Amino acid sequence: MIDLDKELNPQQADAAKTTEGPVLILAGAGSGKTRTIVYRISHLIEDLRVDPWNILALTFTNKAAKEMKDRVGSMLPEGMKAPNISTFHSTCLRIMFSHADKLGYTSSFEIADAADQKAVMREVYKKLNIDTKLIPEKRAAREISEAKDSLKDPEKYAQDNFGDFSKKQFIDIYREYQAHLMHNNSMDFDDLIMNTVKLFKKYPDVLESYQEKFKYIMVDEYQDTNTAQFEFIRLLADKYKNLCVVGDDDQSIYKFRGADIRNILDFEEHYPTAKVVKLEENYRSTSNILAAANEVIANNSERKSKELWTKTPEGSKIRFRQLDTASGEAAFIADDIRKRVEEGAKLGDFAILIRTNIQSKEFEDAFRVRRMDYEIVKGLRFWDTKVIKDVSAYLLTVAGGSNDMRTNRIINLPKRGIGASSVDKVAAFAAENGLSLFDACCRVDEIPGVSGKALAGIKSFTEMILSIREESKSMKLSEVVKRIISDSGYDQYMLMESDSTEKYAEMKDYINKLKEALDSYEEETDEPDLIDFMRQNGVEGSTIDKVTDDSNTDRVMVMTMHNAKGLEFPNVYVSGMEQGIFPGFGSIMSDDPMAIEEERRLCYVALTRAEKTLTLTSSRQRMINGERRFYAISQFMKEIPDELLDMNVQPKKAEKKERVIPEARKIARAAFEEKPVAFSAGFKNAKAGAFSTSAPKPDYEVGDRVRHFKMGEGTVKSIVPGGRDYEVTVEFDSVGIKKMFAGFAKLKKI
DNA sequence: CTAGGATCATCAATT
DNA sequence: ATGATCCTAG
């Protein structure tokens with residue numbers, strides 16, 4: 001028996017014990033939300049003897065799912081089967097896997113990711129002859145995504161917007177877009193949810209089987225749900241009504257991707273018998289930080305009444321500094337962190353939160369110059385990498401996939417002299433004869449108008465694929481990858497594309513990671529299914545983490561506020577506290593008064609990330625889109641009471657010092673701090689180091705044979721001393737005469 | 001068909 | 001400032 005009263009505070013325990021019927025847990029920032037959910041699940045399984053497979057916990061991100069899975073796993077006894085804890089999309093993917101045929105797909109359907117969607121949209125525009133300047137593709141994609149999020153398929157959308165002139169074209173675009181996806185047997189991310197709801201509505205018996213399977217349902221970050229997700233949950237929980245949703249209306253920051261805050265605000269209306277539990281004790285931040293966050297969010301009109309409190313001490317005041325320039329702002333923060341690290345803090349205890357990604361550049365420079373370890377947290381996932389997507393497209397094509405999106409991606413990659421017009425001709429032939437693009441390529445001889453380079457290119461392309469396909473039957477998937485990148489010339493292509501050895505090594509690294517993933521998949525799985533593997537990874541993307549060669553985690557984190565949601569750091573800097581940056585220009589100008597409230601919630605999220613200290617900074621001017629602009633201090637600063645703030649009243653001095661460093665001196669200092677042996681570290685560093693370093697005389701002479709990492713072997717024609725480096729002219733055997741700087745080219749004498 | 005110069009658009013971002 | 005996309009000459 002788990003002693004919930006001992007492990008949890010009274011509200012948390014109440015939430016964990018209420019297992020039957022609808023429950024809304026309003027969990028403020030840092031109130032032990034995950035802990036509560038984890039205990040609730042363990043309580044269900046261990047004390048109430050609910051079978052783990054009858055429990056479904058839904059999250060938005062794979063990261064959240066993984067964390068919850070790990071924490072639940074460590075609490076359950078050895079060998080106990082784990083409950084279903086996964087994302088909405090992953091759950092729906094699994095459901096679709098079993099029932100796709102009922103909706104007109106085959107079970108080998110694929111997932112269309114953002115890049116695929118874009119490609120499809122281009123096709124649609126071409127077919128409907130729509131000018132991308134009249135309706136930006138992004139606008140149409142958004143409209144479609146919104147339609148799907150609110151469960152409108154093309155027919156429903158057409159009905160609802162009948163006679164609305166402004167929507168007329170979207171109706172056509174949506175219909176055509178969906179037809180293209182269907183033709184490629186593909187679902188986009190929004191389809192996964194919409195189709196599952198469709199399935200449930202169309203097949204009550206299927207729905208019931210899942211209602212029986214998932215008797216207890218939990219939803220994390222409920223404030224982020226959209227209409228489709230709401231309906232998905234509603235249907236699943238309709239039989240037993242054991243639905244526990246956890247969220248915080250004050251942390252709803254994803255309206256721009258369809259989240260409907262009404263779902264959480266109106267939960268008690270949707271479920272009149274719902275029990276509401278509020279978790280308001282905060283275990284994360286000092287009371288000063290909490291007070292500031294509370295004061296800011298209090299300016300919002302529509303919220304559930306909730307106020308965080310804490311037993312922790314006041315802590316230091318919240319610092320605010322206004323600097324003159326964005327680089328000055330970054331310099332101030334970097335210097336401040338360096339100072340505090342010298343006083344004993346760890347780099348890893350610091351995070352810098354930014355509103356937009358462009359702000360990250362200044363910090364990148366500031367930390368690089370100071371040789372401080374940092375990480376700019378980007379959204380890029382392994383499976384979204386170009387290299388991986390390219391190779392995956394090859395793999396799926398070799399596997400016999402009839403997905404035109406995949407074929408399209410690789411047909412002329414690397415370049416085989418197959419241009420758009422040739423592809424169009426093949427595509428037309430394919431359409432006429434009901435073939436896939438690849439099958440049409442195989443019959444290219446019958447296609448009129450395709451000749452010369454294009455014809456040869458298509459022939460060698462299909463021959464290559466078919467021959468690998470033939471041999472692949474007796475190969476491991478990782479060996480197929482190897483064959484693909486050598487036979488297709490992709491290896492050579494990577495070499496040409498990469499402008500540094502590091503970049504090339506990184507690409508190879510990605511491919512090796514892919515091979516490893518394929519190997520372990522084949523080992524672990526009885527009946528390996530490449531399509532299922534790819535599909536799974538397209539949605540979950542978690543099998544392989546982003547390739548980071550640095551195992552040292554003690555570094556300053558720089559990330560957007562959106563990215564920081566759910567995380568916490570001892571010391572937080574919020575950069576860009578300016579009217580027009582944060583709140584953003586768009587929300588100030590918006591005619592929707594709720595827009596500024598969303599920004600304010602984002603501010604609330606940002607402030608509540610901090611445990612011990614919080615520093616807010618702004619810049620008087622900023623270079624935006626290449627022009628200098630001036631900014632006033634953010635309105636959110638005024639919403640924090642003065643008595644909580646340390647405004648640094650006097651020292652204009654310290655600030656001035658940062659201001660007067662002329663650009664030139666800063667660069668000089670940067671160069672000075674750069675390693676003297678800059679040329680060994682690749683192009684990027686070489687550029688910065690060039691200010692203070694001159695290259696040594698090359699160890700080859702005119703007439704010598706040399707090797708270049710990219711262009712192969714050649715003969716040195718001339719060596720001319722330049723300003724700070726030697727300009728070498730080489731006649732390469734393969735690519736002819738090239739001029740290059742000795743320091744950059746890294747030529748090896750043979 | 002391709003390369004590379006001209007032009008354009010520019011918030012946040014998971015799955 | 002920057003990266004993606006369009007356009008045009010060869």
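Just so we're clear, the structure is a prediction, and the values are computed from it rather than from any experiment.
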Ile581(A) atom CD1 is separated from dT10(B) atom P, nearest whole Å, by 16 Å
For a quick test of reading the model, state the closest non-hydrogen atom pair linking Asp248(A) to Gln223(A) and the distance between them. N-OE1, 2.9 Å
Aromatic ring proximity, centroids under 6.0 angstrom, Tyr493(A) and Tyr490(A): yes
So do the side chains of Leu567(A) and Lys63(A) get within less than 4.5 Å of each other, counting heavy atoms only? yes
One should read off an interatomic distance between Cys92(A) SG and Asp190(A) CG, to the nearest 0.5 angstrom, of 11.0 Å
Wobble G-U and Watson-Crick pairs count when both distances are under 3.5 Å; given that, what is the 5' to 3' dot-bracket string of DNA chain B, with | for pairing to other strands? ||||||||||.....
Give me the ring orientation class for Phe214(A) and Tyr210(A): parallel if the planes are under 30° apart, tilted from 30 to 60°, perpendicular past 60°. parallel
For Tyr374(A) and Phe363(A), I'd like to know if the aromatic rings sit close, meaning centre-to-centre distance below 6.0 Å. no
Can Lys127(A) and Glu123(A) be counted as an ion pair, charged N to O under 4.0 angstrom? no
Separation of dA1(C) atom C1' from Arg622(A) atom CZ, nearest Å, is 15 Å
What pairs with Arg122(A) under salt bridge (charged side-chain N to carboxylate O under 4.0 Å, His left out), at least two apart in sequence or on another chain? none
Protein-nucleotides 2-4 of chain B N/O pairs under 3.5 Å:
{"unit_1": "dT2(B)", "atom_1": "OP1", "unit_2": "Gly417(A)", "atom_2": "N", "d": "3.0"}

Enumerate all atom pairs, one protein N or O and one N or O from nucleotides 3-7 of chain C, separated by less than 3.5 Å.
{"unit_1": "dT5(C)", "atom_1": "OP1", "unit_2": "Lys118(A)", "atom_2": "NZ", "d": "2.2"}
{"unit_1": "dC6(C)", "atom_1": "OP2", "unit_2": "Arg122(A)", "atom_2": "NH2", "d": "3.3"}

So His562(A) and Tyr254(A), would you call those rings parallel, tilted or perpendicular, with 30° and 60° as cut-offs? tilted
Provide, to the nearest angstrom, the distance between the CG atom belonging to Asn625(A) and the P atom belonging to dT2(C). 12 Å
Compute whether any side-chain donor of one residue and acceptor of the other, for Ser575(A) and Gln359(A), lie under 3.5 angstrom apart. yes
Close N/O contacts between protein and nucleotides 11-15 of chain B (under 3.5 Å):
{"unit_1": "dC11(B)", "atom_1": "O2", "unit_2": "Arg355(A)", "atom_2": "NH2", "d": "3.1"}
{"unit_1": "dA12(B)", "atom_1": "OP1", "unit_2": "Asn357(A)", "atom_2": "N", "d": "2.9"}
{"unit_1": "dA12(B)", "atom_1": "O4'", "unit_2": "Arg355(A)", "atom_2": "NH1", "d": "3.1"}
{"unit_1": "dA13(B)", "atom_1": "OP1", "unit_2": "Thr560(A)", "atom_2": "OG1", "d": "2.5"}
{"unit_1": "dA13(B)", "atom_1": "OP2", "unit_2": "Asn357(A)", "atom_2": "OD1", "d": "3.4"}
{"unit_1": "dT14(B)", "atom_1": "O4'", "unit_2": "Arg257(A)", "atom_2": "NH1", "d": "3.2"}
{"unit_1": "dT15(B)", "atom_1": "OP1", "unit_2": "Asn62(A)", "atom_2": "N", "d": "2.5"}
{"unit_1": "dT15(B)", "atom_1": "OP1", "unit_2": "Asn62(A)", "atom_2": "ND2", "d": "3.0"}
{"unit_1": "dT15(B)", "atom_1": "O3'", "unit_2": "Val539(A)", "atom_2": "O", "d": "3.2"}

Check: Asp220(A) and Lys33(A) side chains under 4.5 Å, non-hydrogen atoms: yes
Solution key, residues 625-632 of chain A side-chain donor-acceptor pairs under 3.5 Å, sequence neighbours excluded:
{"unit_1": "Glu627(A)", "atom_1": "OE2", "unit_2": "Arg629(A)", "atom_2": "NH2", "d": "3.4"}
{"unit_1": "Arg628(A)", "atom_1": "NE", "unit_2": "Gln621(A)", "atom_2": "OE1", "d": "2.5"}

Using 30° and 60° as the class limits, which term best fits the ring planes of Tyr510(A) and Phe382(A): parallel, tilted or perpendicular? tilted
